[in-house]
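Working notes for the structure below.
Since the model is a prediction, treat every value here as computed from it, not as a measurement. These numbers come from the heavy atoms of this one structure, side chains and all, not from hydrogens, waters or symmetry mates.
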Amino acid sequence: PEAASGATSETERDEIVINVFADGRLVLSGTELTRDELQVALKAAAQNDPETPVTIRGDKLAQHGQIVGVMDACGQAGLYNFAVGTLEGT
């Protein structure tokens with residue numbers, strides 16, 4: 001017999017983490033990107049796996065519209081599995 005609780009039916013997905021700073025900077029995996037560059041990266045991730053999880057972390061002083069803009073970019077790219085939080089220490 002095999003234990004089902006230790007087995008996973010799917011391979012573990014790579015998570016995308018996008019940091020949004022108060023000054024409007026967007027950082028993906030340690031690399032600062034323009035909104036257009038972010039859109040390209042998100043589209044590529046969606047083509048690879050549309051279920052890729054995305055975490056959007058905003059500086060507490062970031063404008064609400066900046067966060068919503070990143071959420072919209074995710075949706076336009078076809079990524080809907082996202083969460084929003086705050087950057088630690090900001």
Side-chain angles (χ1 to χ4, degrees):
E2 294 182 28
S5 62
T8 56
S9 61
E10 300 179 21
T11 59
E12 197 167 312
R13 292 183 162 94
D14 290 329
E15 178 184 19
I16 295 172
V17 178
I18 304 165
N19 294 323
V20 182
F21 292 91
D23 61 5
R25 288 180 297 129
L26 302 172
V27 177
L28 171 67
S29 300
T31 302
E32 190 171 331
L33 301 176
T34 66
R35 183 169 306 275
D36 290 340
E37 292 169 332
L38 177 64
Q39 190 70 47
V40 169
L42 293 173
K43 284 182 182 179
Q47 287 176 349
N48 185 46
D49 181 2
E51 294 298 317
T52 299
V54 180
T55 299
I56 304 165
R57 300 189 305 195
D59 183 300
K60 68 179 180 181
L61 298 177
Q63 297 290 321
H64 179 73
Q66 295 170 314
I67 304 297
V68 171
V70 173
M71 292 169 64
D72 286 345
C74 289
Q76 290 172 4
L79 296 170
Y80 299 99
N81 182 14
F82 59 85
V84 178
T86 57
L87 285 169
E88 292 183 23
T90 62

**Request:** With rounding to the nearest 0.5 Å, note down the distance linking CG in D14 to CG in D49.
**Result:** 9.0 Å
**Request:** Could you tell me which non-hydrogen atom of T52 sits nearest to which non-hydrogen atom of A45, and how far apart they are?
**Result:** OG1-O, 3.8 Å
**Asked** Side-chain heavy atoms under 4.5 angstrom apart, residues restricted to Ile, Leu, Val, Met, Phe, Trp, Tyr: same cluster for L28 and L87?
**Response** no
**Prompt:** Listed by chain and number, what are the side-chain contact (heavy atoms from CB on, under 4.5 Å) partners of T34, not counting sequence neighbours?
**Reply:** D36, E37
**Request:** Under the side chain to side chain donor-acceptor pair (under 3.5 Å) rule, collect the residues that match up with E15, sequence neighbours excluded.
**Result:** T55
**Message:** Let me check something: do V27 and V54 share a hydrophobic cluster, defined by ILVMFWY side-chain heavy atoms less than 4.5 Å apart, either directly or through other members?
**Reply:** no
Would you mind writing out the side-chain donor-acceptor pairs for residues 73-83 within the sub-3.5 Å range, not counting sequence neighbours?
residue: Y80; atom: OH; partner: G75; partner atom: O; Å: 3.0
residue: N81; atom: ND2; partner: E51; partner atom: O; Å: 3.1

**Item:** Sequence-distant partners of Q63, side-chain contact (heavy atoms from CB on, under 4.5 Å), two or more places apart
**Value:** Q66
Could you go through residues 16-25 and list every donor-acceptor pair under 3.5 Å that involves a side-chain atom there, pairing it with any protein atom two or more places apart or in another chain?
residue: N19; atom: OD1; partner: R57; partner atom: NE; Å: 2.8
residue: N19; atom: OD1; partner: R57; partner atom: NH2; Å: 3.1
residue: D23; atom: OD1; partner: R25; partner atom: N; Å: 3.1
residue: D23; atom: OD1; partner: R25; partner atom: NE; Å: 3.2
residue: D23; atom: OD2; partner: R25; partner atom: NE; Å: 2.9

**Prompt:** What residues, two or more places apart in sequence or in another chain, satisfy salt bridge (Lys or Arg N to Asp or Glu O under 4.0 Å) together with D72?
**Reply:** none
